[in-house]
Novice: 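Encoded as structure tokens, here's the structure I'll be asking about.
This chain uses plain numbering: 1 for the first residue, then up along the sequence.
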Amino acid sequence: MYNEYATDQEEGCSIVSLPSYVELVGKRVAAFDYGLKRIGFAVCDELHITVTPRAVIQNDSRLWENVFDMLQRYKVEAVVIGVPYRPDN
């Protein structure tokens, strides 16, 4: 169910090949806002009209268990991950 996309390194940044919009039509997309202590989790509807915050996940030893649980619970087929650009956020 989960697609893997190739990544390349360019000037210290990861470049990810993204699916075209056509590939995402009708699919639920999740967004993670990464933080050292907590990670925000939001999900859009299948029509990509609204995004709803769903949970704040603690960044601890159960992180991956909680992430995979959320992905399965909300039937997510694509993921967007926010990258903090400053050390204070």
Novice: Spell out, yes or no, whether Phe68 and Met70 are grouped together once hydrophobic residues are joined by side-chain heavy atoms under 4.5 Å, including indirect joins.
Specialist: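 As far as the 4.5 Å side-chain criterion goes, Met70 and Phe68 are connected within one cluster.
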Novice: How long is the straight-line distance from NZ of Lys75 back to NZ of Lys27, given to the nearest 0.5 Å?
Specialist: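 These two atoms lie 15.5 Å from each other.
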Novice: Quick one: do Val29 and Leu47 end up in the same hydrophobic cluster if we chain Ile, Leu, Val, Met, Phe, Trp and Tyr together by side-chain heavy atoms under 4.5 Å apart?
Specialist: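 No, it is not one cluster - the side chains of Val29 and Leu47 are not joined through contacts under 4.5 Å.
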Novice: At what distance, to the nearest 0.5 angstrom, does CD1 of Ile57 lie from CD of Glu65?
Specialist: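 Separation between the atoms: 11.0 Å.
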Novice: Write down the atom of Asn59, the atom of Gly35, and the distance for their closest heavy-atom approach.
Specialist: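 Shortest heavy-atom separation between Asn59 and Gly35 comes out as ND2-O, 3.1 Å.
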Novice: So, for Glu46 and Arg28, which heavy atoms are closest and what is the spacing to 0.1 Å?
Specialist: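 Heavy-atom minimum between the residues: OE2-NH2, 2.6 Å.
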Novice: Roughly how far, to the nearest 0.5 Å, is the CZ atom of Phe41 from the CG atom of Leu71?
Specialist: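 Between atom CG of Leu71 and atom CZ of Phe41 there are 5.5 Å.
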Novice: Going only through I, L, V, M, F, W and Y residues with side-chain contacts under 4.5 Å, is there a path from Leu24 to Val80?
Specialist: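 Leu24 does not cluster with Val80.
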Novice: I'd like to know if Val56 and Val76 are part of one continuous hydrophobic network [Ile/Leu/Val/Met/Phe/Trp/Tyr, side-chain heavy atoms within less than 4.5 Å].
Specialist: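 Val76 does not cluster with Val56.
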Novice: State, to 0.1 Å, how close Ala42 and Pro53 come at their nearest heavy-atom pair, and which atoms those are.
Specialist: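 The pair with the smallest heavy-atom distance is CB-CA, 3.9 Å.
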Novice: Rounded to the nearest 0.5 Å, what's the gap from OH on Tyr74 to CG on Asp45? Could you check?
Specialist: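 So the gap between those two atoms works out to 14.0 Å.
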Novice: Quick one: does any side-chain atom of Asp33 pair with a main-chain N or O of Gly82 as donor and acceptor, under 3.5 Å?
Specialist: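 Judged by distance alone, no pair lies under 3.5 Å.
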Novice: Linking I/L/V/M/F/W/Y whenever their side-chain heavy atoms sit closer than 4.5 Å, directly or via other members, would Val67 and Tyr34 fall into one cluster?
Specialist: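 Yes, one cluster joins them.
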